[in-house]
Amino acid sequence: MKDNPKLNRDPGHAVKKKVTSFLTNNMVTIMFVVLSLLAFQVSGMNSNLYITDIVSRISRNSFTVLALIIPVIAGMGLNFSIIVGAMAAQAVIIYVTHWGVPGFAGIMLCVALVTPLSILLGYLTGHLFNRVKGQEMITGLIFGYFAMGIYTFIFLQLVGGVLPMDNEVLVLSSGVGIRTTIDLYGGLRYGLDDLFRLPLPVMLIIAGLIAAGYQLFIFMRSDRLKAQRFNMIIGIAGSLLVVVLAIVLMNSNSLIRLISIPVATWLAIIALCFFLFFFTKTKLGQDMRSVGQDRHIAAVSGINVDRVRVIAIIMSTVLASWGHIIFLQNMGAWSTYGSHMQIGFYAIAAILIGGATVTRATIGQALLGVFLFHTLFIVAPAAGRELFGDAQIGEYFRVFVAFGVIGVTLAMHAWKTKLQSNQGIRAIKDE
Amino acid sequence: MQNIFKDFVRNFGIPRLIILGFFLLLCVMAVFLGLDFAELMSSSLVRIGMNGILVLAILPSIVCGTGPNFGLSLGILCGLLGGLIAMELTLNGFTNFFAAIAFSIPLSVLVGYGYGLLLNKVKGSEMMFAIFVGWSVVSVMKIGWLVLPFNSPEMAWPIGRGVRVTIALLNREVSQLLNNLWAFNVGGVIIPTGLLLFFVICCFILWLFMRSKTGMAMYAAGDNPRFARAAGINVDRQRIIGTIVSTFIGAVGILVYAQSFGFYQLYDGPMMMPFIAIAAILIGGASIRKASITNVIVGTFLFFGILVVAMPVANAFAADIASMAEITRQIIQNGIILYALMQAGKGDAA
Amino acid sequence: MAEYLLEMDNICKSYYGTKVLTDVKLALKPGEIHAIIGENGAGKSTLMNILFGMPVIHSTGGCEGEIFIDGQPVEIKSPLQAMDLGIGMVHQEFMLLPNYTVTENIKLNRETRKENLVSRLFGKNLETLDYKSMNADARKALDSLDIGIEEYTRVAGLPVGYMQFTEIAREIDKSNTRMMVFDEPTAVLTESEASNLLDAMRKIAERGIAILFITHRLDEVMEVADYITVLRDGRLVGTMRKEDATIYGLAELMVGRKVEKLFNRKSRVNFEDVAVRIKNLTVNMPGERVRGLTLDVYRGEIFGIGGLAGQGKIGVANGVMGLYPSQGSVVINNDDLTLNDPRESMKRGMAFLSEDRRGVGLLLDSSVELNIVITTMQNKGLFMKKLGPLTQIDGSKVREHSQKLIKDLDIRCTGPTQPVKRLSGGNQQKVCIARALTLKPDILFVSEPTRGIDIGAKQRVLETLLRLNEEMGMTIIITSSELAELRSICDRIAIVSGGKVAGILQPDASDVDFGLLMAGQIDRKGA
């Protein structure tokens, strides 16, 4: 077990070791970067179209993916039950649409209504998870399907019948059940996005200036080491470069300059990132980290493990429901009995592609994952058409990728856990 | 007396009692609504026969210790491939059916072996892993259906590439093959003798297998791996054998299902099928670690009985019949799996 | 202010009808180091569990007797309450989170916090952690132990000794700690780490904190303790000042018991003929590691292996039978044995009754008859018949064989088809014996044959083993934590300490000899 001093003295070896460990630890992400680049090359896609699409996909999907982080911290793995939060959001949106509250007011009403509902559902899910400790992921998955049955039952069989709803647009012609697609056009559509929009270059300039200013502020105040100073100077330079590029872009005739950014949505995502960052530094966040590392030790030191776990799931469910509202108001038309279905899998696949694991997930991984996963989503059909003459193949491929990456991550996690216990034995042998 | 009753409730489990009660209620309502009982019986029997073997396929995986086989879609895909090969060779009737089974043997042995190796690497989280292996392979096969060289006109799309989403078996005289074999009518109830007989024979063969030396070793490996190791049994090997057997029975199961249904369902078809089969065996009284052939038979009878009877009864009440049956299935199926997970969780806590 | 910080009076505790503590007393003054010594199963851990209010005590019906703190009677219902009362525990298995820094571990769930805007709105749980002050506190606690660990290093990867100090620092940092329990703290430490620890204990005691020191290392007791309490079989057998104690006296007190020669047996040992020759055997059995053990067992012998828990005695049989990874040489009947292969071990005429009867020894849900025959069926292909290409279990042969053994061994069951989980511990053990006999072994390894079995049944199990030895000339190697049991039927007894044979004694050797061997004294001093 002791480090071989010879190896440590050899700097070349140390670098090599670092590189190898970087490669193995980020295998999934690196594979994806390569895959996405290749697919992008092959697809011959117009980069204007791509950028327009990816920007809107990032703004509508990030919030939900970020909702996965807290349960991972609390040691409950990937929360497959965020689909329950998504269904809560859909239920609320159906009613708000029925009442005809449009735009931003409607969105706020949705948030106000969905929050208590998701707290309740998260509370139930959390208690369920406390009865199956160690099996949270599969339980969450099955619970999602179970809840889907109930959701479908309520909105297909009860609403309009037992639960009266008089609305020709929403309700099926038979008078019972909500139609299979709902269009939010003229209602909640872009309720948040349209609150405040800025062109991409302007947004970039503002963001770049803020970043540069912030780093300058820190730089002036602190007396850090040289290396860090160097990093900061690079950071400031980079931020300013973004500003310059944005100004260039603004004066070009590229279509990208016309992309308008839904500032309110982006602010919501940024606010969530800040909150998550802040949260890990709080007492409750620390308790979650403790519980996540070892339930037994946490309990012995007086942390109410079950309660902390329930809170983690409630938070995740609430965030997921908000995230789904953001998603749907951007989509506009959505399928009543299907939109929630893939939400959990795609969000989880995204965060895993960003490099997260069952036991570790960060904000950066979530955002990187959304970017990579949706890049593949955009380019796969076109790549499939170019390569095999069939866009369908690309579409099937991206579904395979979503499931495959989850499967691989789970396998690696199980395998690593097994390996670690074996290593424990070997370590003792070597002593 | 009361104790016996309590014991029974505890062993049987409240959810199963609810399901049984629900089934009885449906039957009573069916009578009350004046539904055609003979017809209900007939279609129940068909549903039991056509699904039974898929449910049976879950048994070896639970017995050998890898847990309910959520990756049964692998076996189903092997069966479908075998079926498509038989079809490509323009075989008819029983030749087609048995050739399909024969073709799926090497496939399922190979696939089951590889899958078993993987399952041995992820001991302790087999179920979750199996779900995603199953789904990944179903998605890969969706590409496979597009690119595999099946050209027979009954299968290929007239334009474009790949095979159809559903492939009719009627032209190959495979449709209803077993259902109609020696079928007879008793008071309006049609007994699909061939179908039921095939199911019973499969159960019997598996029963014999479980009593063989390998079967006993597999049982010991699943029941208590540490005991098995001390008894000189290679636990990993037994788990692989169990996985292969499960995969193969799954392949046979889908072929029997398809001949009764009249179509091969490709693409998304096999995706959720393992969940249905697992729910059935759990309803029959199996747990995540223990199962018997009785569980298979009872579970198949109850689960598919409910689904058959629920349809016409729902017709009288619900707005949308087709979806009502689907909803019932979804709630019962996932409810019973959740219950089984919670029971297993209890065991771990103790 | 009362004279004693802690008094425990007439403590009694039973688990499922078995008394594990009877009228135990303990008194502790501030600043005193009080050692509690005793064999495994003497009741040390149970006593500490009671003091710490562990759930295991309350879930099994609580305990009798009274506990006073500062002369006030208290009832300790949970570990949290114990902590509130100022009782600190340094656990044998570390209660440390590996991904946290030393500071975070010291301050676990006692983090210093600062108010912020969010916490003012949403409650104290969202207050931010004040790492600066936490680090300062941690530094102070570590300094008071003279330990130079940096408070901001992560615990994962620290040497074991430092982990232990982190735990101790946590207890010191709790401002109300007045009493600390050290549960076998030196078991995992190297010699120098252990001596650092003893120094730290003295320093803590100087601050007026009382220490309960649980151990079986007598030399450490003599080095630091002020008072010594000896427990044996759940009873108090002596309390003395260190000045009045000697290592020999303590060893005798710890082990001593009247040895009843339960059985009269003629030894049929052939000291010319070695049945099992173990040379330099290493077994990787977690918690019971064997480290280069050498041993000869003669044909027809009943050979005992004793020693304290964790010293490796259990690992010997498990290693020879191939259940845990092993290295070294084992010669059975003058032929080398291929290690790490249970089938091979059984083929060579050995059988094994595991110490973990319910975990390794039985298929609990299966019938008595299946449990009896399955090992033989799998290894020798007996009890099978042919049915075309398939082999089938031969029901009638199985039935016949199991009925015979049920009668021979007097297994109390409703019949051969009863599931073994419904049998009592003694009868389950007999089913295990029946299974071993079905293999027709000439060497039988038996681990903890009477653990969890009531007294009457114990006797019968031992009698059965004796009969097998006398009537069939079987060589039997018994591993047991109960020395008295070994002394009552064995021809020779090896005491295993530190994964090696510390010495081989005759059953009628003196208590002092056994005690010293078990406490590892002789081995350590190189005698």
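These numbers were taken from a predicted model, which means no experiment stands behind them. We name chains A, B, ... by the order of the sequence lines, and we start the count at 1 in each one.
To the nearest 0.5 angstrom, E395(A) atom CD is 9.5 Å from K142(B) atom NZ. Distance CD1/I142(A) to CD1/I278(B): 8.0 Å, rounded to 0.5 Å. Put simply, CZ on F146(A) and CD1 on I337(B) are 11.5 Å apart, with the number rounded to the nearest 0.5 Å. Interatomic distance, Y337(A) OH to I327(B) CD1, rounded to the nearest 0.5 Å: 8.0 Å.
When side chains are defined from C-beta on, F80(A) counts as touching M128(B), because their heavy atoms get closer than 4.5 Å. Side-chain contact between I150(A) and I331(B) is present, with at least one heavy-atom pair separated by less than 4.5 Å. Using a 4.5 Å cut-off on side-chain heavy atoms (C-beta onward), M271(B) and F403(A) make contact. Side-chain contact between L128(A) and L338(B) is present, with heavy atoms from C-beta onward closer than 4.5 Å. Residues Q330(B) and Y145(A) are in side-chain contact: their nearest non-hydrogen atoms beyond the backbone lie under 4.5 Å apart.
Proximity to chain B is absent for every atom of M412(A), based on heavy atoms less than 4.5 angstrom apart. Looking at I332(B), there are no atoms closer than 4.5 Å to chain A (heavy atoms on both sides), in backbone or side chain. Residue contact with chain A, scored on non-hydrogen atoms closer than 4.5 Å, is absent for V137(B). With a threshold of 4.5 angstrom between heavy atoms, D268(B) does not approach chain A through any atom at all. Only the side chain of L141(A) comes within less than 4.5 Å of a heavy atom in chain B; its backbone stays farther off.
Enclosure of atom OH in Y267(B) by more than 12 non-hydrogen atoms of other residues, nucleotides or ligands within 6.0 angstrom is indicated. No more than 12 heavy-atom neighbours from other residues, nucleotides or ligands sit within 6.0 angstrom of CZ on R237(B). Dense packing is recorded around NZ of K123(B), with more than 12 heavy atoms of other residues, nucleotides or ligands lying under 6.0 Å away. Within 6.0 Å of CZ on F150(B) lie more than 12 heavy atoms contributed by other residues, nucleotides or ligands.
Heavy atoms only, all atoms of each residue included: I138(A) and F70(B) are closest at CD1-CE1, 4.1 Å. For the pair V132(A) and L341(B), the tightest heavy-atom approach, listed with the atom from each and the gap, is CG1-O, 3.8 Å. Here the closest non-hydrogen pair linking F132(B) and G407(A) is CB-CA, 3.7 Å. Taking each heavy atom of S139(B) and V399(A) in turn, the nearest pair found is OG-CG1, 4.1 Å.
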key: Working for side chain to side chain contact (heavy atoms under 4.5 Å, CB included), residues V122(B) and L410(A)   = CA-CA 8 Å; V122(B) 297; L410(A) 291 172; over 6 Å; no
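Classification of the W135(B)-F345(A) ring pair by plane angle, with boundaries at 30° and 60°, yields perpendicular.
Considering only heavy-atom pairs separated by less than 4.5 Å from chain B, the leading option among A411(A), G160(A), G144(A), G161(A) is A411(A).
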